[in-house]
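So the structure is just underneath, and the comments pick up after that.
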Amino acid sequence: MLVDSHCHLDFHDFQDDLEGVVSRAREAGVGHFLTICTHITKFEQVRAVAARFDDMHCTVGIHPHEAETEPEIDKARLIDIATNDAKVVAFGETGLDFFYDHSPREVQERQFRTHIHASREAGLPIVIHTRNADPEMSRILENEMAAGAFTGVIHCFSSGPELAEKAVDLGLYISLSGIVTFKKAEELRETAKRVPLDRILVETDSPYLAPVPKRGKRNEPAFVAHTAACVAELHGLSLDVLATPTTENFFRLFSK
């Protein structure tokens with residue numbers, strides 16, 4: 001069994017085809033889905049999608065792109081939502097994106113730390129987005145972990161080996177998306193080879209970043225099998241063998 005540990009099934013791209021998307025994923029061997037919240041103002045529709053399927057859960061949080069435009073949320077509100085809803089198993093996605101800088105960096109960091117504080121207090125993991133912010137991400141993770149342990153995953157990992165090593169050393173997980181299959185992603189593949197098997201998750205980040213050989217199409221959870229096959233090859237394993245640790249890692253991390 002595979003798990004798509006990060007998808008956005010509330011997005012408009014799936015509005016007219018959600019049942020088909022989930023059915024195709026199951027046929028491809030995907031046994032569980034985590035659909036991710038990016039706007040706190042749209043949490044209810046994220047939750048409604050997860051509620052339609054027994055094998056789907058969701059998160060609650062604010063993407064760094066939306067850190068300025070979404071209402072500021074405190075840790076108490078995040079914790080209240082997560083701990084009173086069986087479908088919510090994590091906070092996020094949250095983090096830093098200095099590639100687009102859609103929100104001021106100081107606002108991104110403040111919101112990110114709020115999610116970390118909720119994660120630490122509630123004992124639920126955090127789903128981390130990071131792009132073009134490796135030094136700052138490393139600094140915040142190290143600083144916050146020193147203040148008290150929390151769990152989480154850097155999703156759609158596309159950063160350098162130093163951040164991967166730092167995350168693993170801090171007890172976090174690394175989730176690999178279709179990017180690892182891209183022709184120009186040789187550095188990422190080298191990094192992926194060095195991530196221990198007990199720290200790897202796989203995801204689609206659908207509807208974005210469809211893996212080879214589906215690149216250019218709308219991504220969907222069924223395609224996680226292509227990403228997993230690439231990661232398996234990098235580790236010298238069959239897809240069937242890799243499916244076991246990645247699925248076990250998912251349920252260990254998202255244990256709620």
Side-chain angles (χ1 to χ4, degrees), residues 4-8 11 13 34-40 42 59 61-70 90-116 119 125-145 150 152-170 172-192 194-195 199-212 215-216 219 223-224 227 230-231:
D4 186 354
S5 68
H6 193 112
C7 50
H8 297 279
F11 281 18
D13 308 66
L34 185 62
T35 191
I36 304 295
C37 183
T38 58
H39 299 67
I40 195 67
K42 297 180 180 179
T59 67
I62 300 173
H63 193 289
H65 286 344
E66 323 304 334
E68 182 179 39
T69 56
E70 284 287 290
F91 299 105
E93 65 184 283
T94 181
L96 306 174
D97 194 311
F98 295 170
F99 181 81
Y100 287 110
D101 275 327
H102 287 331
S103 290
R105 295 183 177 188
E106 65 274 12
V107 179
Q108 293 185 47
E109 179 170 341
R110 184 172 69 248
Q111 288 276 43
F112 182 31
R113 288 184 184 271
T114 296
H115 286 69
I116 292 174
S119 170
I126 185 170
V127 177
I128 300 167
H129 171 109
T130 184
R131 189 171 184 191
N132 281 41
D134 285 14
E136 295 83 359
M137 178 58 64
S138 182
R139 169 181 57 82
I140 293 170
L141 291 176
E142 194 163 28
N143 173 262
E144 288 289 350
M145 200 65 76
F150 58 94
V153 56
I154 300 183
H155 102 93
C156 194
F157 192 88
S158 60
S159 298
E162 295 83 5
L163 183 58
E165 183 176 354
K166 172 69 70 176
V168 169
D169 287 347
L170 291 173
L172 302 176
Y173 291 75
I174 300 293
S175 184
L176 297 165
S177 71
I179 294 174
V180 77
T181 72
F182 293 178
K183 183 178 180 180
K184 295 182 179 180
E186 190 58 45
E187 182 179 359
L188 177 59
R189 283 188 285 276
E190 289 301 316
T191 298
R194 296 197 288 272
V195 178
R199 291 292 166 179
I200 294 177
L201 303 179
V202 288
E203 65 171 87
T204 57
D205 202 13
S206 52
Y208 310 116
L209 303 172
V212 175
R215 194 164 186 197
N219 202 4
F223 298 169
V224 76
T227 297
C230 174
V231 176

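By convention here, the first residue in the shown sequence is residue 1.
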Exercise for the section: Before giving the answer on side-chain contact (heavy atoms from CB on, under 4.5 Å), spell out for Phe182 and Leu209 the whole-Å C-alpha distance, their side-chain angles and the decisive distance to 0.1 Å. Expected result: CA-CA 9 Å; Phe182 293 178; Leu209 303 172; 4.3 Å; yes
Exercise for the section: Rounded to the nearest 0.5 Å, what's the gap from CZ on Arg199 to CD1 on Ile154? Could you check? Expected result: 12.0 Å
Exercise for the section: Go through the side-chain N and O atoms of Ser177 and Glu203 and say whether any donor and acceptor fall under 3.5 Å apart. Expected result: no
Practice task
Would you indicate whether the side-chain heavy atoms of Met145 and Leu172 approach each other to under 4.5 Å?
Solution key: yes
Exercise for the section: Please list all pairs passing the salt bridge (Lys or Arg N to Asp or Glu O under 4.0 Å) test where one or both residues lie in residues 99-112, with sequence neighbours left out. Expected result: Glu72-Arg110, Asp101-Arg105, Glu109-Arg113, Glu109-Arg139
Problem - Beyond-backbone contact of Phe157 with Val195, side-chain heavy atoms, under 4.5 angstrom - result: no
Completion exercise
In terms of heavy-atom contacts, Val127 and Ala90 come closest through CG2-CB, 4.3 Å
Handout entry: Least distance between heavy atoms, Pro64 atom then Gly95 atom
Key = CB-O, 3.3 Å
Fill in the blank from the handout: Correct closest heavy-atom pair for Leu96 and Ala133 would be CB-CB, 3.9 Å
Handout entry: Partner residues of His115 under the ring pair (Phe, Tyr, Trp, His ring centres under 6.0 Å) criterion, sequence neighbours left out
Key = none
Problem - Ring centers of His63, His39 separated by less than 6.0 Å - result: no
Fill in the blank from the handout: Value for CD (Glu186) from OG1 (Thr191), rounded to nearest 0.5 Å, stands at 10.0 Å
Exercise for the section: For the residue pair Ile140 and Phe112, establish whether any side-chain heavy-atom pair is separated by less than 4.5 Å. Expected result: yes
Problem - Point-to-point distance, once rounded to the nearest 0.5 Å, from OH of Tyr208 to CZ of Phe11 - result: 4.5 Å
Problem - Min side-chain heavy-atom separation Ile62-Thr94 under 4.5 Å - result: no
Problem - Thr227 side chain near Ile179 side chain, heavy-atom distance below 4.5 Å - result: no
Problem - Taking every non-hydrogen atom, the tightest pair across Gln108 and Phe98 - result: OE1-CE2, 3.9 Å
Completion exercise
In short, Asp97 meets Phe99 closest at the heavy-atom pair OD1-N, 3.0 Å
Practice task
Kindly say whether Glu68 contributes a backbone atom to a donor-acceptor pair with the side chain of Ser103 at under 3.5 angstrom?
Solution key: yes
Exercise for the section: Return yes if a side-chain donor-acceptor contact under 3.5 Å exists between Asp4 and Thr204, otherwise no. Expected result: yes
Practice task
Nearest 0.5 Å please: distance from the NE2 atom of His155 over to the CG atom of Leu34.
Solution key: 11.0 Å
Donor-acceptor contacts, no H, no angles, side chain residues 158-169, under 3.5 Å, sequence neighbours left out:
from, atom 1, to, atom 2, distance (Å)
Ser159, OG, Asp134, OD1, 2.9
Lys166, NZ, Glu142, OE1, 3.3
Lys166, NZ, Glu142, OE2, 3.1

Handout entry: Flag side-chain contact, heavy atom, 4.5 Å: Glu93 against His6
Key = yes
Handout entry: CZ/Arg215: more than 12 non-hydrogen atoms of other groups inside 6.0 Å
Key = no
Practice task
Step through the shown structure and confirm whether more than 12 heavy atoms of other residues, nucleotides or ligands are within 6.0 Å of CD on Glu190.
Solution key: yes
Exercise for the section: Supply the atom-to-atom distance Arg189 CZ to Cys230 SG, rounded to the nearest 0.5 angstrom. Expected result: 6.0 Å
Practice task
Show your working on side-chain contact (heavy atoms from CB on, under 4.5 Å) between Leu141 and Phe150 and close with a plain yes or no.
Solution key: CA-CA 10 Å; Leu141 291 176; Phe150 58 94; 4.1 Å; yes
Completion exercise
Exactly one candidate in Thr35, Thr38, Asn219, Asp205 meets side-chain hydrogen bond (donor to acceptor under 3.5 Å, both in side chains) with His8; the answer is Asp205
Practice task
Taking the side chain as every heavy atom from C-beta outward, state whether Ile174 and Leu201 have any atom pair closer than 4.5 Å.
Solution key: no
Problem - Closest contact, heavy atoms only, Thr181 versus Gly178 - result: OG1-O, 2.7 Å
